[in-house]
Each structure stands twice: as C-alpha cells, then as structure tokens.
> 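Pasting a structure below so you can have a look.
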Amino acid sequence: MSSVGQLWQEVLGTQRQLPLAGVLGCAAAGLAAVAIRAVWRVLRGVVTIAHEGGHALVALLVGRRLAGIRLHSDTSGVTISRGRPTGPGMVATALAGYLAPSVLGVGFAGMLTWGRITALLWISIALLAVMVLAVRNVYGVVSILATALALFVVSWFGSAAVQAALAYSFTWFLLFAAFRPLAEVQRKRAAGHARDSDPDQLARLTRVPGLVWLLVFGLVAAGALGLAASWLVPFADVRAWWAAL
C-alpha cells in the first residue's frame, strides 16, 4: 500500500471469502482455542477485553459516566461507571458484558458474508484503540496494545489468505468463547466466590435469580452462534460440498 488512498480503498473494499472447507477449518480452530485449556488461558484475555468493552459502551449509551476499566493478569476485569445505582441503565450495563462476545461475533459474521475482511480487522483495531483510552492499569494497556498490534501486523503485512483465516477464526472464536465464561462463573458462584459477578448484580437489581440470567446469556450465545453459522456455512453449500465428496 503506497498511499492513504490505496489503504482506504482496501479497507472499504471487499475481499474474497474463504471456501467452505476453509470456513469449517477456521470454525474448528476457533472451537479448539476455547476447548484446549492451554490455549484458552492465553486467549481468555481477549474475551475479557470484549466483556469489559461491552460494559463500558453500554454504560456510555445509557448516560452513565465511565470512570475506567481495569484488566488483570488472571484474565479478570472490572469496569467502573458512575450514575444511578439502580434502574434500567444499570441493568443494561450489567447485561452487556457476557453478551458482548456474541454480539461482536454476529456483527463480524455479517461483515464476512459481505467480504469485508480487511474492514473487520481495522474496525477491531479501532475499537481497541478507543478502549485503551479508558483503561486505568498498566497490564490492561499492554494487553490491549498487544492485541491491536497482532491484528495490525496481519492486516498490514499478511496476505489476503492469512487475513481471511484470522478474521474467520477470530469470529468463530468469539462465538464459541461466549459459552465458557458462563460455566466458569457458575462454578465460582456455586463455591460462593462470585458474589459480585454480573449475574448476581443483576439478581440484586431485578430480583430475578442469577441462574436465570446465566441461562439467558447461554440462550443468547446459542442463538448468536446459530445465526452466524447460518450465514457463514449455508446449508446449500454444505449439501453441495458433501455431494462432491
């Protein structure tokens, strides 16, 4: 890319989508990243970034004042916003965290169906750049910058195939990753170690049990995965691929 104009054209343009085998391969990679404990420990922080980013964005949208975000080396995080401690705005803010990976995954899946692969990567970088302004600890800043740098390197230096593989794998990862934190927080809740978790905050705000909120999160994650999969892996393509084997 020799000019800003060329860069802008590349970002706004469309790129070739992966064939069905490539889409399924990326789905398998995304699922493996969630299922394999060693890989999950490394990538769990990306989910935390999305989670806390969801809290922060919705807090601002409902008129709360964002005080800051902190990301920790144990992959936990906290978003502090100021405003009325009860009411719909606070409920929406508490809801947003566990929904964020699924919502982001569906949005990215929609972009992929239109071939907006480079735009997906650059939007991700832009979101991280905005989010880093609200982070209030060194580890959080470093983790966000490292994630943004990895995306930038691939989007700038990677071939079209490499960019597509990353974009599809990242999208599938977000969709699958929406489930595992729900199981993790429920284990902590069962042991009495998560009294300030999002489901418990929602239970105090709404008088609806935390377990019900976890089920709601799970249903949304399942719906998002099903919707995105129907876009990325149309049944007609699967049938034709299977018939060709």
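Keep in mind that what you see is a predicted model, and the values were worked out from it rather than measured. The residues of the chain are indexed from 1 along the displayed sequence.
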> Evaluate the ring planes of W122 and F152, with Trp represented by its six-membered ring, and classify them as parallel (under 30°), tilted (30 to 60°) or perpendicular (over 60°).
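Answer is perpendicular, since the angle exceeds 60°.
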> List the atom pairs, with distances to 0.1 Å, where a side-chain N or O of residues 56-64 and a protein N or O form a donor-acceptor pair under 3.5 Å, not counting sequence neighbours.
from: R64; atom 1: NE; to: S81; atom 2: OG; distance (Å): 2.9
from: R64; atom 1: NH1; to: R84; atom 2: O; distance (Å): 2.5
from: R64; atom 1: NH2; to: S81; atom 2: O; distance (Å): 3.2

> Under the criterion side chain to side chain contact (heavy atoms under 4.5 Å, CB included), which of I125, I49, L43 is the partner of T147?
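Only one option passes, and that is I49.
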> Quick one, T48 and V46 - any side-chain contact, counting heavy atoms below 4.5 Å?
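Answer no - side chains too far apart.
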> Short question: side chain of E52, backbone of I69 - any donor-acceptor pair under 3.5 Å?
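Side chain of E52 to backbone of I69: no pair is present.
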> Please table the atom pairs, donor to acceptor, closer than 3.5 Å between any side-chain atom in residues 19-40 and protein atoms at least two apart or in another chain.
from: W40; atom 1: NE1; to: E184; atom 2: OE2; distance (Å): 2.8

> To the nearest 0.5 angstrom, please state how far the OG atom of S102 sits from the CZ atom of F176.
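Answer for the OG-CZ pair, S102 versus F176, is 11.5 Å.
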> Which pair of heavy atoms, one from S155 and one from L121, lies closest together, and at what distance?
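That would be CB-CD1, 3.9 Å.
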> Any chain of hydrophobic side-chain contacts (each under 4.5 Å) joining F179 to V47?
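Both belong to a single hydrophobic cluster.
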> For the pair M111 and I123, evaluate side-chain contact (heavy atoms from CB on, under 4.5 Å) and give the outcome as yes or no after the intermediate values.
CA-CA 11 Å; M111 294 184 70; I123 286 174; 3.5 Å; yes
> Short question: side chain of D198, backbone of L95 - any donor-acceptor pair under 3.5 Å?
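Checking the backbone N and O of L95 against the side chain of D198, no donor-acceptor pair under 3.5 Å is found.
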> Flag the pair I144 / M131 as yes when at least one side-chain heavy-atom distance between them is below 4.5 Å, and no otherwise.
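Yes, close enough: below the 4.5 Å cut-off.
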> Could you walk me through whether Y168 and I117 pass the side-chain contact (heavy atoms from CB on, under 4.5 Å) test, one step at a time?
CA-CA 8 Å; Y168 276 85; I117 294 170; 4.3 Å; yes
> Taking L127 as the starting point, is it possible to reach V153 by hopping between hydrophobic residues whose side chains are less than 4.5 Å apart?
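V153 and L127: one cluster.
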> Could you grab the distance from atom CG of L112 to atom CH2 of W172, nearest 0.5 Å is fine?
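That separation rounds to 10.0 Å.
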> Going from CG on L120 to CH2 on W114, what distance comes out if it is rounded to the nearest 0.5 angstrom?
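The CH2 atom of W114 is 15.5 Å from CG of L120, to the nearest 0.5 Å.
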> Do side-chain atoms of S143 reach the backbone of G140 as a donor and acceptor pair under 3.5 angstrom?
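Looks like yes, one N/O pair under 3.5 Å.
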> Could you tell me which non-hydrogen atom of L202 sits nearest to which non-hydrogen atom of V91, and how far apart they are?
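Scanning both residues, the minimum pair turns out to be CD2-O, 3.7 Å.
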> Go through the side-chain N and O atoms of Q163 and T118 and say whether any donor and acceptor fall under 3.5 Å apart.
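Checked: Q163/T118 side chains pair up, N/O donor to acceptor below 3.5 Å.
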> Work out which heavy atom in P181 is nearest to a heavy atom in R44; give both atom names and the distance.
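Nearest pair, atom of P181 first, then R44: CB-NH2, 3.8 Å.
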> As an exercise, state the distance from CG of L174 to CG of L225, rounded to the nearest 0.5 Å.
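Nearest 0.5 Å value for the CG-CG distance: 11.5 Å.
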> I'd like to know if D200 pairs up with K188 as an ion pair, taking the criterion as any Lys NZ or Arg NE/NH1/NH2 lying under 4.0 Å from an Asp or Glu carboxylate oxygen.
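Here D200 does not pair with K188 in a salt bridge, since their nearest N and O are not under 4.0 Å apart.
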> Given side-chain contact (heavy atoms from CB on, under 4.5 Å), test L205 with M90 step by step and report yes or no.
CA-CA 8 Å; L205 289 166; M90 189 62 204; 3.8 Å; yes
> Around R195, counting heavy atoms of other residues, nucleotides and ligands shown, do more than 12 lie under 6.0 Å from its CZ?
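Not buried by this count: 12 neighbours or fewer within 6.0 Å.
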> Taking L128 as the starting point, is it possible to reach L145 by hopping between hydrophobic residues whose side chains are less than 4.5 Å apart?
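Hydrophobic grouping puts L145 with L128.
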> Can a donor-acceptor pair be found between the side chains of R204 and Q201 at a distance below 3.5 Å?
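Per modelled atom types, R204 and Q201 side chains form no pair under 3.5 Å.
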> Any chance you could measure L166, atom CG, to T171, atom OG1, to the nearest 0.5 Å?
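L166 CG to T171 OG1: 8.5 Å, rounded to 0.5 Å.
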> Taking only distance into account, with no hydrogens and no angle test, what donor-acceptor pairs under 3.5 Å do side-chain atoms of residues 207-215 form with protein atoms, sequence neighbours excluded?
from: W213; atom 1: NE1; to: T206; atom 2: OG1; distance (Å): 3.2
from: W213; atom 1: NE1; to: V208; atom 2: O; distance (Å): 3.4

> Grab the two heavy atoms, one from L151 and one from S124, that are nearest each other, plus how far apart they are.
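In this case the closest contact between L151 and S124 is CD1-CB, 3.7 Å.
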> Hey, quick one: are V185 and L219 part of the same hydrophobic cluster, counting side-chain heavy atoms closer than 4.5 Å, chains of contacts allowed?
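Per the 4.5 Å side-chain linkage, V185 and L219 are not co-clustered.
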> Decide whether F173 and V162 are clustered together by the hydrophobic rule: side chain heavy atoms of Ile, Leu, Val, Met, Phe, Trp, Tyr closer than 4.5 Å, transitively.
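Yes, one cluster joins them.
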> If we ignore hydrogens and angles and just use 3.5 Å, is the side chain of T79 paired with the main-chain N or O of H55 as donor and acceptor?
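Checking the backbone N and O of H55 against the side chain of T79, no donor-acceptor pair under 3.5 Å is found.
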> Quick check on the 6.0 Å ring-centre criterion: do Y98 and H51 meet it?
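Ring centroids of Y98 and H51 are less than 6.0 Å from each other.
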> Which atom names give the shortest non-hydrogen contact between W231 and V106, and what distance separates them?
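W231 and V106 have their closest heavy atoms at CZ3-O, 3.5 Å.
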> Locate the shortest heavy-atom distance separating L227 from S230; write the atom from each residue and the value.
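Scanning both residues completely, I find the closest heavy atoms to be O-OG, 2.6 Å.
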> Would you give the length of the straight line joining atom CG of L175 to atom CZ of F170, rounded to the nearest 0.5 angstrom?
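Taking CG in L175 and CZ in F170, the distance rounds to 10.5 Å.
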